[in-house]
Amino acid sequence: MALNLIMLGPPGAGKGTQAEAFAREQRIPRISTGDMLREAVQAGTPVGLAARSRMDEGALVSDDVIIALVRERLERPDTRPGFVLDGFPRTVAQAGALDALMVGRDPLVVVEMVVPTEVLVRRVLGRRICSRCGANAGPADPACAKCGGVLVQRSDDSERVVRERLAVYERDTRPLVAYYRYRPTFRTVDGHRPPDEVAAAIRDAVASAVTMGRPS
Ligand code: AMP
């Protein structure tokens with residue numbers, strides 16, 4: 001059975017870090033729409049040009065653009081054994097489109113990461129990414145652990161933009177909890193713990209959800 005996982009949670013919940021570790025462990029791709037958009041911005045593609053100002057303001061990029069990106073990505077054969085979606089879906093329209101894309105594939109497992117708001121703001125303001133490869137850095141890393149690149153703050157990680165992104169999460173993305181909550185493959189994980197403990201909790205949550213999702 002393919003492991004088709006969604007990591008759901010506000011900015012700063014640790015989705016990126018956990019999605020990356022989990023995907024590596026399971027040997028399945030991590031699909032981050034935020035990373036795909038940042039790459040498009042850097043490359044100056046039409047999608048990047050359209051997305052840039054929305055991202056800088058902390059607003060969402062249009063559903064049509066994002067759904068097209070994800071549709072194309074999920075068609076690639078490396079997603080057959082499964083995938084970890086990080087940062088998608090973010091609206092009910094995106095979740096509906098994803099359900100349509102999943103017809104004929106194994107059920108989605110949804111893990112919601114819960115972290116108190118004041119912790120989210122603190123985490124986001126403190127985080128750094130690699131200016132070269134885009135990897136997330138640990139709080140004490142002097143340079144990128146993967147490629148040695150210089151660490152920088154993401155352009156949308158300023159306090160004003162972070163507060164806007166949290167408000168957008170509450171308004172547009174929080175409704176996804178209600179959208180998925182009653183599926184037998186929905187799980188909630190406490191993300192306000194050391195990363196290793198969160199990773200173990202995600203592993204357990206996914207293992208129990210996969211059992212529920214198996215056809216009887
Ligand atoms: P992230 O790296 O997931 O925090 O995404 C950074 C920014 O990219 C967000 O603040 C949005 O502007 C945009 N973005 C990423 N994923 C989506 C999505 N699924 N829907 C709309 N906008 C998105």
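Both backbone and side-chain heavy atoms feed into the values below; hydrogens, waters and symmetry mates do not. We count ligands from 1, going down the list as the structure has it; atoms in each ligand are counted the same way. Counting begins at 1 with the first residue of the sequence.
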Undergrad: For residues Phe83 and Leu176: do they belong to one hydrophobic cluster (side chain heavy atoms under 4.5 Å, members Ile, Leu, Val, Met, Phe, Trp, Tyr)?
TA: yes
Undergrad: Would you say CZ of Arg163 has more than 12 non-hydrogen atoms from neighbouring residues, nucleotides or ligands within 6.0 angstrom?
TA: no
Undergrad: Scan side-chain atoms only and decide if Asp56 and Ser155 contain a donor-acceptor pair under the 3.5 Å cut-off.
TA: yes
Undergrad: Please check if any side-chain donor atom of Thr79 sits under 3.5 Å from a side-chain acceptor atom of Arg73, or the reverse.
TA: no
Undergrad: Between Arg105 and Asp99, is there a salt bridge with N-O shorter than 4.0 Å?
TA: no
Undergrad: Can you name the residues that come within less than 4.0 Å of ligand 1, going by heavy atoms only?
TA: Thr33, Gly34, Leu37, Arg38, Met55, Ala59, Leu60, Val61, Ile66, Gly87, Phe88, Arg90, Gln94, Arg154, Asp156, Arg165
Undergrad: Using a strict threshold of under 4.0 Å (side-chain N to carboxylate O), is an ion pair present between Glu20 and Lys146?
TA: yes
